[in-house]
A.B. asks: 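Here you go, one structure.
Per chain, numbering begins at 1; letters A, B, ... match sequence-line order.
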Protein chains: 2
Amino acid sequence: MPKYVYFFGDGKADGSGKLRPILGGKGADLAEMTLIGLPVPPGFTITTEVCRYYYENGGKFPEGLDDEMEKNLEKLEQTMEAGFGDPENPLMVSVRSGAAVSMPGMMDTVLNLGLNDKVVEALAKKTGNERFAWDAYRRLIHMFGDVVMGVEHEKFEEVLSQVKKEVGAELDTQLETKDLKKVVAHYKELYKRETGEDFPQEPRDQLKRATEAVFKSWNIPRAVKYRQIHRITGLLGTAASVQTMVFGNMGETSGTGVGFTRNPATGENALYGEYLLNAQGEDVVAGIRTPQPISHLAQDMPKIHSQLLKIKDILEHHFKDMQDFEFTFQNGRLFMLQTRTGKRTAFAATKIACDMMDEGLIDQKTAVLRMPPEQIDHLLHPTFDPKAEKKVIAKGLPASPGAATGKAVFDADTAEDWASHDEKVILVRLETSPEDIGGMNAAQGILTARGGMTSHAAVVARGMGKCCVAGCGALEIDYENKQMKVREHTIKEGDFISLDGAAGELMLGEVSTVEPTLSGDFARLMEWADKFRKIGVRTNADTPHDAKVAREFGAEGIGLTRTEHMFFEGDRILAMREMILAEDSQGRAKALEKLLPMQRGDFEGIFREMAGLPVTIRLFDPPLHEFLPKEEASQREMAQSMGVPQETIKAKVQALSELNPMLGLRGCRLGIVYPEVYDMQTRGILEAACRMKKEGVEVLPEIMIPLVGAAEEFVALKARVMKIAKEVFAAEGLEVDYLTGTMIEVPRACITADEIAKEAEFFSYGTNDLTQMTYGFSRDDVGSFVPRYVEEGILPKDPFQSIDEPGVGELVKIGIEKGRKARPDLKVGICGEHGGEAESVKFCHRVGMNYVSCSPFRVPIARLAAAHAALEEEAAKSEKK
Amino acid sequence: MPKYVYFFGDGKADGSGKLRPILGGKGADLAEMTLIGLPVPPGFTITTEVCRYYYENGGKFPEGLDDEMEKNLEKLEQTMEAGFGDPENPLMVSVRSGAAVSMPGMMDTVLNLGLNDKVVEALAKKTGNERFAWDAYRRLIHMFGDVVMGVEHEKFEEVLSQVKKEVGAELDTQLETKDLKKVVAHYKELYKRETGEDFPQEPRDQLKRATEAVFKSWNIPRAVKYRQIHRITGLLGTAASVQTMVFGNMGETSGTGVGFTRNPATGENALYGEYLLNAQGEDVVAGIRTPQPISHLAQDMPKIHSQLLKIKDILEHHFKDMQDFEFTFQNGRLFMLQTRTGKRTAFAATKIACDMMDEGLIDQKTAVLRMPPEQIDHLLHPTFDPKAEKKVIAKGLPASPGAATGKAVFDADTAEDWASHDEKVILVRLETSPEDIGGMNAAQGILTARGGMTSHAAVVARGMGKCCVAGCGALEIDYENKQMKVREHTIKEGDFISLDGAAGELMLGEVSTVEPTLSGDFARLMEWADKFRKIGVRTNADTPHDAKVAREFGAEGIGLTRTEHMFFEGDRILAMREMILAEDSQGRAKALEKLLPMQRGDFEGIFREMAGLPVTIRLFDPPLHEFLPKEEASQREMAQSMGVPQETIKAKVQALSELNPMLGLRGCRLGIVYPEVYDMQTRGILEAACRMKKEGVEVLPEIMIPLVGAAEEFVALKARVMKIAKEVFAAEGLEVDYLTGTMIEVPRACITADEIAKEAEFFSYGTNDLTQMTYGFSRDDVGSFVPRYVEEGILPKDPFQSIDEPGVGELVKIGIEKGRKARPDLKVGICGEHGGEAESVKFCHRVGMNYVSCSPFRVPIARLAAAHAALEEEAAKSEKK
């Protein structure tokens with residue numbers, strides 16, 4: 001017969017932390033704390049296997065369980081030197097649920113078991129606190145009635161309110177013993193009315209029924225739903241832990257509190273926390289009384305305090321990490337109720353990891369693993385002053401982290417204008433387009449009503465390291481009157497607003513911000529991370545400035561330079577428009593000639609900043625209509641300045657308009673239909689490379705052709721690149737090594753990757769578009785259903801934020817396998833937004849990519865995530881052995 | 001040493017039709033004809049392996065080839081009893097190219113080899129025709145100079161023009177012998193000037209150099225490009241056939257002609273063709289003289305005529321198919337120059353297949369294989385009277401076959417109005433939308449300026465069996481003034497135009513049409529096809545009428561009923577709009593209640609027509625904004641009729657507008673966000689099924705959930721379907737067996753098909769959308785590049801017309817494999833437009849689908865294509881054995 005019940009108490013335990021699958025998280029932790037000598041109220045845990053048996057056998061418990069429980073209960077009575085239901089010296093217990101994976105608040109608990117009409121008197125006598133005893137009894141009837149018998153919680157509340165009204169009490173604490181006795185009497189009547197039986201007076205009967213109720217709560221709808229949404233599968237069920245009750249509310253030498261072994265905000269190595277005297281855990285949470293800082297215990301209860309200091313050390317030496325624990329002291333005796341790894345700020349995480357490494361508690365690898373990659377974001381962006389008051393009026397998507405405060409403006413020109421007069425502005429738009437780049441750059445932050453995590457606003461803002469809240473559906477923007485309504489608030493141009501990009505919050509008014517400071521600890525951690533990671537980290541950068549920032553953050557090259565943004569600045573848009581309006585190839589070539597020197601200059605600047613590192617430049621990608629004005633007035637203006645009839649422009653805009661531009665004439669399709677554009681860009685890249693090489697700068701250009709879906713597209717365009725290269729090298733009098741490769745962003749490219757890799761020298765996964773096409777989701781339009789999908793658990797997460805492994809990821813894998821089959825040394829990277837998201841970076845490591853590329857501010861995150869990936873793999877391998 | 005040269009002549013041949021890879025098409029056919037005793041001018045073929053050797057060895061011929069050629073030439077001289085270059089009794093030969101796959105006109109030929117200054121005199125004497133001899137000689141110098149030596153063709157033409165001018169001749173035929181002698185003299189001068197040498201007088205030298213030129217022409221740019229575009233790979237090279245020259249222009253007992261063993265227009269079993277006396281092949285083509293029907297030969301040359309009648313039988317008994325052959329008779333002696341399988345009309349194809357089967361020439365399987373599936377289209381749709389005059393003014397895509405004539409109208413309402421007064425109209429639109437359905441139905445044909453082969457207009461027209469020309473870019477439509485410009489033509493409302501849907505042509509004016517008649521032969525062929533095919537054929541039908549038509553065409557059920565079209569008729573659009581404008585679930589449910597009885601009625605009608613056969617009904621798919629008016633005026637009208645402020649409608653239209661509606665809120669996404677719609681439809685389907693069952697109609701409903709990309713979507717929606725089913729069955733008092741399945745149209749669905757198949761009982765591939773997403777092509781926007789892609793050989797064909805096997809097809813395969821792994825008996829079909837295209841149907845057979853589904857008029861095509869697929873597979877298998 002398997003062992004169903006595990007005892008813990010008095011420094012000994014049948015189980016340990018390793019038995020988490022069968023003891024559940026709570027049971028395992030209680031055993032572990034007991035084993036390391038912490039004062040845990042003794043008890044025993046009934047395993048998750050009992051839960052499974054119960055469900056597999058139509059609600060029956062395994063044979064022998066009763067005996068085993070009885071034996072353990074007797075052992076508990078001996079340990080506590082008290083009797084369960086003993087009318088002289090009573091023992092009281094709780095039954096709590098706890099699965100191997102935490103499901104906070106989803107399942108049931110029953111406290112104060114063991115009380116009955118007689119025992120309550122004994123408890124009053126033993127504790128000398130009659131009110132406490134009757135309060136405990138009425139809580140038991142309420143909880144038991146609710147959890148075990150399904151009597152509605154509200155009905156008990158009604159009875160309580162009625163009594164309070166009768167005696168003129170406002171708070172529960174104002175009820176005296178006689179009032180509580182009355183409550184108990186009424187509760188018992190209610191119980192009988194609702195269940196058709198008397199409240200059970202036999203403690204063992206109480207315990208048995210409460211235990212069954214806990215096991216039953218594994219399958220109540222809210223718990224099932226929770227597991228479904230969080231995709232928790234493969235568990236046996238919940239365990240049930242029966243534990244001796246201890247009370248912090250038995251007088252002035254009793255109390256309860258929460259402690260941290262180090263400061264979770266700063267990382268300082270000192271006991272931290274707070275407590276309340278004569279209180280129960282729920283009082284700390286309720287917030288009626290203000291808890292004291294834990295250091296005060298040194299005066300209030302010096303023995304307890306020094307005990308806690310010792311426990312701090314024991315915990316850290318055992319768990320090798322900062323712990324967050326709950327404790328209670330009853331009549332001067334300390335009990336530990338729970339411990340777990342403590343949450344901490346990014347700053348504290350950095351410090352704690354480095355300190356513990358220096359203290360010899362952990363090694364470098366562990367230190368690196370202790371820093372959650374996504375938290376680094378907080379170290380790099382401004383944050384709001386924690387003390388500042390915030391009035392959140394709407395929520396959108398947390399598109400780019402950081403905190404920003406400024407005056408609301410509703411168009412890019414005003415943003416640039418005001419910013420040039422040293423005004424801080426926040427640019428508010430329905431959605432942004434490449435025309436808004438200048439204004440976005442000038443603004444402190446960007447707020448949009450539409451668009452998702454990879455919308456134009458989000459992508460550009462992250463690239464700039466600028467705060468952005470996107471897809472904030474509550475905004476009703478009125479461009480005409482330069483104002484917006486957000487529910488009952490009207491915000492006019494010039495009114496102050498604030499954005500929290502990490503939380504996706506919009507606030508009214510000015511909120512003061514704190515600039516980030518990068519500590520030496522951060523640099524040490526990143527250095528260790530680089531030592532362990534195996535995958536390269538590049539950056540997505542379109543300007544020399546971005547390239548410089550990224551290099552400072554540790555980027556090892558550029559994985560994506562988008563060339564289209566370069567066509568919006570100043571006069572360039574004019575030449576661009578001239579090109580679009582040209583009637584034939586010659587006309588286009590003529591207009592493009594004007595752009596050539598400017599493009600060459602752009603590339604020279606980038607090559608210089610990235611000297612010695614590879615630079616991947618993507619040829620023109622977006623549809624041409626993005627460069628023409630949509631509104632009549634702007635079209636008129638353009639017509640006048642270019643000296644062409646307005647009709648011509650209108651006709652061109654109409655001719656270029658598309659029902660689904662995402663799936664239209666763009667990328668390499670444009671390159672094939674209008675080859676002059678790619679010719680000019682290739683010339684610009686290679687001329688710049690030659691000239692930099694002459695200046696002694698080491699250049700490693702990689703020309704990337706976007707949106708290839710068929711090998712034939714690539715073949716045709718590569719031939720043109722080679723032709724231009726030959727011309728340029730002849731004219732410049734020297735040659736530069738360069739690669740020609742493609743972005744893999746169309747599902748068909750993954751499926752036919754073997755054909756493409758025969759010609760392409762590198763692949764760079766554009767997982768934004770690949771996600772769009774694999775799911776059939778327009779990233780600009782998913783706001784109407786993806787949030788609901790995530791909420792209902794239909795999607796585990798937004799696939800534009802973290803790569804969808806079973807779908808998009810599978811295509812990525814197919815593409816790499818097929819590609820490397822055709823060209824074993826194929827260089828493979830990723831340059832979609834996923835390249836800077838920790839889970840996705842780990843995925844890229846696992847599928848064998850050579851590098852990830854992400855926006856400059858996410859480079860440290862990617863470096864750390866890459867190190868985690870390598871270390872996790874190492875751990876998994878050594879576990880297999 | 002391998003054999004490089006294959007002789008043929010006098011009833012014997014070294015090679016045969018089986019050696020096509022090394023003899024090329026021409027060489028193999030000449031050998032074959034010789035072997036079956038036809039009078040072929042003797043000669044020999046130099047193999048494609050020589051061509052390969054030549055290229056692999058830097059332009060050198062294999063050792064021993066010279067000897068082998070000399071031996072064969074000597075044999076030829078013996079056979080012909082004449083000498084090559086013999087000044088008494090000369091033999092003349094041609095050298096022609098010919099690869100294993102036909103590349104018409106791409107490679108070179110040299111005629112009249114063996115002539116020189118002396119031989120020309122001998123030829124004159126031997127033939128008694130001096131003019132003929134000198135004309136042959138000047139042609140040799142011209143052709144040899146051009147093909148072998150690269151002298152520009154135009155330079156020879158100039159010399160000829162000059163001489164004609166001098167003697168006052170307009171036509172070549174007006175030149176006399178002395179003039180031709182002058183031409184020869186000038187040609188020789190030109191030749192020397194351009195090449196630096198004299199025209200070679202040694203016939204063997206001429207032959208050797210001409211042969212090399214033919215091998216060289218394998219790699220001239222136009223030939224390379226041709227192979228690239230037509231994706232011809234794996235060939236060794238071209239062969240070169242050296243053949244005795246025969247002449248049809250040696251007097252009134254000479255002549256040349258073209259024959260068919262049966263009438264290619266009607267299929268009648270009688271010799272058919274035409275000829276010219278005293279003429280060469282090129283004279284027939286030039287059209288200066290009108291050829292005579294072949295029956296006249298019975299008077300002109302009775303011996304030749306009776307010889308041809310015998311040859312007709314020999315050819316048909318040997319090739320078992322109708323042949324198209326070329327012949328020449330020289331001084332009363334008949335020579336066969338070529339034979340090949342003859343092209344024929346669909347009508348003739350049907351008759352010939354059945355007649356040959358009855359005559360015992362072929363069996364049923366062969367008869368079925370003889371009918372090209374795509375040709376059936378011609379049998380089902382009206383065609384233009386072949387005698388009518390046509391003025392084609394523009395070309396578009398051949399979106400739906402048939403011929404139509406009518407008055408041009410530019411909006412659907414006018415189309416319906418005029419048609420109700422018995423006017424024939426053609427509906428002309430920029431593009432059509434579901435609002436135009438009524439007008440499309442009323443029109444004879446549909447013409448659009450935009451959109452591809454699977455645009456709304458194309459899909460709907462094919463469904464209706466109605467002629468449609470789509471994406472006709474030359475149209476400049478002016479809705480305001482109800483007219484359009486097509487280049488220099490202006491067509492006003494009411495002007496007659498005509499459309500040829502199979503050719504994609506727009507014509508001015510009325511062109512008379514001929515209605516199709518289905519012969520008994522057609523029915524016999526289809527019956528045989530059904531016997532052999534293994535895959536089912538269903539139809540896409542949205543109405544009882546379509547279902548009836550399709551069933552008559554042999555459909556075995558419905559593979560796709562689109563339910564959204566049902567929401568446009570009459571009052572339904574009002575209820576639909578009320579639903580869209582509703583603020584909450586209750587409001588939506590209330591509006592949908594009005595639609596329920598109508599939907600139920602639709603389904604009852606369809607179930608009745610399809611009694612005993614499965615009916616797959618797709619739940620609502622399109623985005624909601626398709627049901628709201630886009631123009632301000634229509635919005636105002638809608639506001640008035642619904643009694644809501646115009647602002648409300650405008651706001652709703654804006655809220656629902658999407659940047660890429662193809663990738664937005666539609667399909668099952670709508671089903672999840674607005675579950676009321678699917679609930680109502682499910683209720684309608686199952687209530688209709690129950691009521692029909694009560695009437696004794698056998699119903700087999702299959703509920704299809706569109707656009708599923710994640711198994712969780714399907715799970716959530718299937719649960720609702722099951723819930724409604726339970727309610728309906730309880731209310732109706734009986735149960736109906738039904739299936740719940742999904743459309744596979746998102747790449748992710750293919751990749752995760754195993755998960756989806758755990759819950760879905762059938763898959764139906766929606767390859768229109770799957771192609772869009774796999775390629776990233778919006779079918780509405782591909783007009784700007786796909787035609788160019790096809791033209792340049794980047795795409796072998798439009799992937800919306802015929803399934804893209806390496807890309808989309810691979811995903812289909814992955815989906816089927818994964819799906820059947822999870823559910824071995826998974827029913828799999830296709831309901832995209834590809835389901836009615838022959839090559840795609842064959843693909844569906846090969847990947848193991850259970851059925852294809854297509855528009856009613858394509859059902860016979862699919863039946864035949866399915867039979868071809870099965871028979872081809874059978875043939876491939878027996879070949880392997």
A.B. asks: Hey, is NZ on A:K630 packed in by over 12 heavy atoms from elsewhere, all under 6.0 Å?
C.D. replies: yes
A.B. asks: Of the listed residues (B:E755, B:R788, B:E431, B:Q772), which shares the most heavy-atom pairs with chain A below a 4.5 Å separation?
C.D. replies: B:R788
A.B. asks: Distance from B:L663 atom CG to A:D780 atom CG, nearest 0.5 Å?
C.D. replies: 10.0 Å
A.B. asks: Look at A:M773, A:E810, A:E792 and state which one has the largest set of heavy-atom pairs under 4.5 Å with chain B.
C.D. replies: A:M773
A.B. asks: Does NZ belonging to B:K650 count more than 12 external heavy atoms closer than 6.0 Å?
C.D. replies: no
A.B. asks: Identify which one of A:I814, A:V808, A:D804 satisfies the side-chain contact (heavy atoms from CB on, under 4.5 Å) criterion when paired with B:I751.
C.D. replies: A:I814
A.B. asks: Looking at B:K797, I'd like to know if its NZ atom is crowded, meaning that more than 12 non-hydrogen atoms belonging to other residues, nucleotides or ligands lie closer than 6.0 Å.
C.D. replies: yes
A.B. asks: Mind checking the CG-CZ spacing from B:L665 to A:F785? Nearest 0.5 Å is all I need.
C.D. replies: 6.5 Å
A.B. asks: Top residue by heavy-atom pair count (under 4.5 Å) with chain B, among A:P747, A:G667, A:A749, A:A710?
C.D. replies: A:P747
A.B. asks: Rounded to the nearest 0.5 Å, how far apart are OG of A:S657 and CZ of B:R450?
C.D. replies: 5.5 Å
A.B. asks: Please classify the contact between A:V782 and chain B as side chain, backbone, both or neither, with a heavy-atom cut-off of under 4.5 Å.
C.D. replies: neither
A.B. asks: Distance from B:M662 atom CE to A:D781 atom CG, nearest 0.5 Å?
C.D. replies: 12.0 Å
A.B. asks: Assess, by modelled atom type and distance only, whether the side chains of A:E712 and B:Y789 contain a donor and an acceptor separated by less than 3.5 Å.
C.D. replies: no
A.B. asks: Just give me the residue among B:A716, B:P806, B:G793, B:A711 that pairs up with chain A most often, heavy atom to heavy atom, under 4.5 Å.
C.D. replies: B:P806
A.B. asks: Please look at B:S784 and chain A and tell me whether the side chain, the backbone, both or neither of the residue comes under 4.5 angstrom of a heavy atom of that chain.
C.D. replies: both
A.B. asks: What residue in A:G709, A:G664, A:P661 has the most heavy-atom pairs under 4.5 Å with chain B?
C.D. replies: A:P661
A.B. asks: In terms of heavy-atom pairs under 4.5 Å, which option from B:R669, B:E745, B:E713 contacts chain A the most?
C.D. replies: B:R669
A.B. asks: Quick check on the interface: out of A:I672, A:V786, A:T752, who has the most heavy-atom pairs with chain B under 4.5 Å?
C.D. replies: A:I672
A.B. asks: Only pairs of heavy atoms separated by less than 4.5 Å count here; which of B:L659, B:T774, B:N660 has the most with chain A?
C.D. replies: B:N660
